[in-house]
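So the structure is just underneath, and the comments pick up after that.
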2 protein chains.
Amino acid sequence: MFVKKKKIETVDTREQLLKTASKLFGEKGFEAVSTRELAKAADVNIAMIAYYFGSKEGLFKAMIEERFPKTVTHLRNIQKNEGNAWDKISAVIDLYLEKIIGDSSFHKLVFRELSLEQRPEHRELILSGIEKNWEVIKTYIREGQESGDFKENIDIELTIASVFGTIFQLINMPCWTIRLLGEKDEKFVKSEAFKTRLKKHLKDMMKAHLFTEQYFEKMTPSV
Amino acid sequence: MFVKKKKIETVDTREQLLKTASKLFGEKGFEAVSTRELAKAADVNIAMIAYYFGSKEGLFKAMIEERFPKTVTHLRNIQKNEGNAWDKISAVIDLYLEKIIGDSSFHKLVFRELSLEQRPEHRELILSGIEKNWEVIKTYIREGQESGDFKENIDIELTIASVFGTIFQLINMPCWTIRLLGEKDEKFVKSEAFKTRLKKHLKDMMKAHLFTEQYFEKMTPSV
DNA sequence: GATTAATTTAAACAAACGTTTAGTTTTGCA
DNA sequence: TGCAAAACTAAACGTTTGTTTAAATTAATC
């Protein structure tokens, strides 16, 4: 009886709002973006925010819920496909780097939200979406420990913090990064050259950090 | 002729505003804190913001300029006092950890500002205050390379990013950290226990990352 | 103690904010 | 084609925003 009549072949206003919100909130912060600015950038009437999401905050929450990357599935695929523990760690680094560089303004926004003492429900939403990923990574590190390749005395949690921290520091603060690297254009942090460099650094550092000294001696006997 | 008459023995209104601004802006973000809320928290009349700083933004800028830690001097003292390259790196890690944990809401604010595409002048102000520090750290790493203790093929800039990234990730997002560590109280990230743990992790990781394999063999011949 | 400048106050300012309204257009199905 | 639900619009809503005002208070100098 109350069947909603759906338009066909129409620019999706709702989707346009979500997309624009992700971009602008990421660039400027939630409070700094007015509903008028947002609606104009999305080429949509202001009232559509209330129509589809109830409020500006509703739009924010919906954006987090719907656009949050389903990374845990990809992580579990790594578990099946890749070889030894290091290959899995290596694949995790690649996966996260691609994800975060691929949608950097969303990730800026998400991690800025975690640094704020506003909107605890949003923080909870984000954290519950992330924490499953940690568990998968932990099992990979433990796997390497059990096979004897990785050191026994690794601080697994803080190692995870180092991988994410390195990536976020460089991707979420492009102005910091280009200053550190002596580059001119902020687009550099999205380049393939930088991606390759960052992957190499992270993997080199993690190799040295995770593998036992015995493993290195075994692998490079005549260097 | 235009000698300003200064009050004596008065609660410093100006200082109170700077202190409160640092706290509230760090916790909630610049735009999310209203002048009324700020003035009330500082127990000061709203008009005092314009009186001392011209505007809310003027207060923000003055806060960055005046409260920005003069770390480079401490870093140079390390250069004089400590022994070999590793001792200096180790001292740098200690120094930064103490600084950042000691005034975490200010550092939250500073690095949040770097992730935003608002107020480029503020970004410039912050970056020019930081970049001198990088140079000092770079010389320490190069020192270790020249003495033959550190690897030759280290990505020095991204290594700096890893150290800062790890610290900021953990300190600027306490909710993320306690979730990762399975702790209950956010105050844990300010505890001595956590400080010790983080120092150990960073130094372990950096040792493995920086030192040559030859160095480890030399140091631990019978393990 | 009078004077003058520095500081503080409460009240008011216009502009911008998020949201709502009431009405119009578009759509899908009969 | 007619009609009701859905989608959209322009205008207005009451608040809150950052800032200013003009007057009152406090402090330092003579």
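The chains referred to below are lettered A, B, ... by the order of the sequence lines, with proteins before strands, and numbering in each begins at 1. These figures come from a predicted structure and were not determined experimentally. Values below: all heavy atoms of this structure, side chains included; hydrogens, waters and symmetry mates excluded.
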For atom [atom1] of [X] and atom [atom2] of [N], their distance in whole Å:
| X | N | atom1 | atom2 | value |
| --- | --- | --- | --- | --- |
| A:Arg14 | D:dA7 | CZ | P | 11 Å |
| A:Ile49 | D:dT9 | CD1 | C1' | 14 Å |
| B:Phe53 | C:dT7 | CZ | P | 12 Å |
| B:Met48 | C:dT9 | CE | P | 7 Å |
| B:Asp43 | C:dT9 | CG | C1' | 13 Å |
| A:Leu17 | C:dT19 | CG | P | 13 Å |
| B:Tyr51 | D:dA24 | OH | C1' | 14 Å |
| B:Lys40 | D:dT17 | NZ | C1' | 16 Å |

Q | Any B:Thr13 side-chain nitrogen or oxygen under 4.0 Å from OP1 or OP2 of C:dT8 | A | yes
When you compare the protein's N or O atoms with those of nucleotides 11-15 of chain D, which come within less than 3.5 Å of each other, and at what distance?
none

Q: Please determine if B:Glu98 and B:Lys195 form a salt bridge, counting it only when a charged side-chain N lies under 4.0 Å from a carboxylate O.
A: yes
Q) Do A:Glu31 and A:Arg119 meet the salt-bridge criterion of a basic N to acidic O distance under 4.0 Å? A) yes
(Q) Short of 4.0 Å, heavy atom to strand atom, which residues of residues 54-66 of chain B count as contacting DNA chain C? (A) none
Q) Between B:Gln118 and B:Glu113, does any side-chain donor sit less than 3.5 Å from a side-chain acceptor? A) no
Q. Do B:Ser115 and A:Lys108 get their side chains close enough for a donor-acceptor pair, meaning under 3.5 Å?
A. no
(Q) Would A:Lys56 pass as a cation-pi partner of A:Phe30, given that its NZ or CZ must be under 6.0 Å from the six-membered ring centre and within 45 degrees of the axis? (A) yes
Q: Under the side-chain hydrogen bond (donor to acceptor under 3.5 Å, both in side chains) rule, what do A:Asn133 and A:Tyr96 come out as? Steps first, then yes or no, please.
A: CA-CA 11 Å; A:Asn133 302 353; A:Tyr96 270 105; 2.8 Å; yes
Q) What pairs with B:His201 under ring-ring contact (aromatic ring centres under 6.0 Å, His included), at least two apart in sequence or on another chain? A) A:His209
Q | Min side-chain heavy-atom separation A:Leu198-A:Thr166 under 4.5 Å | A | yes
Q | Of B:Ile160, B:Ile156, B:Ile93, B:Thr159, the residue whose pairing with B:Ile137 passes side-chain contact (heavy atoms from CB on, under 4.5 Å) | A | B:Ile160
Q) Is A:Ser34 touching bases, backbone alone, or none of the nucleic acid, heavy atoms closer than 4.0 Å? A) sugar-phosphate
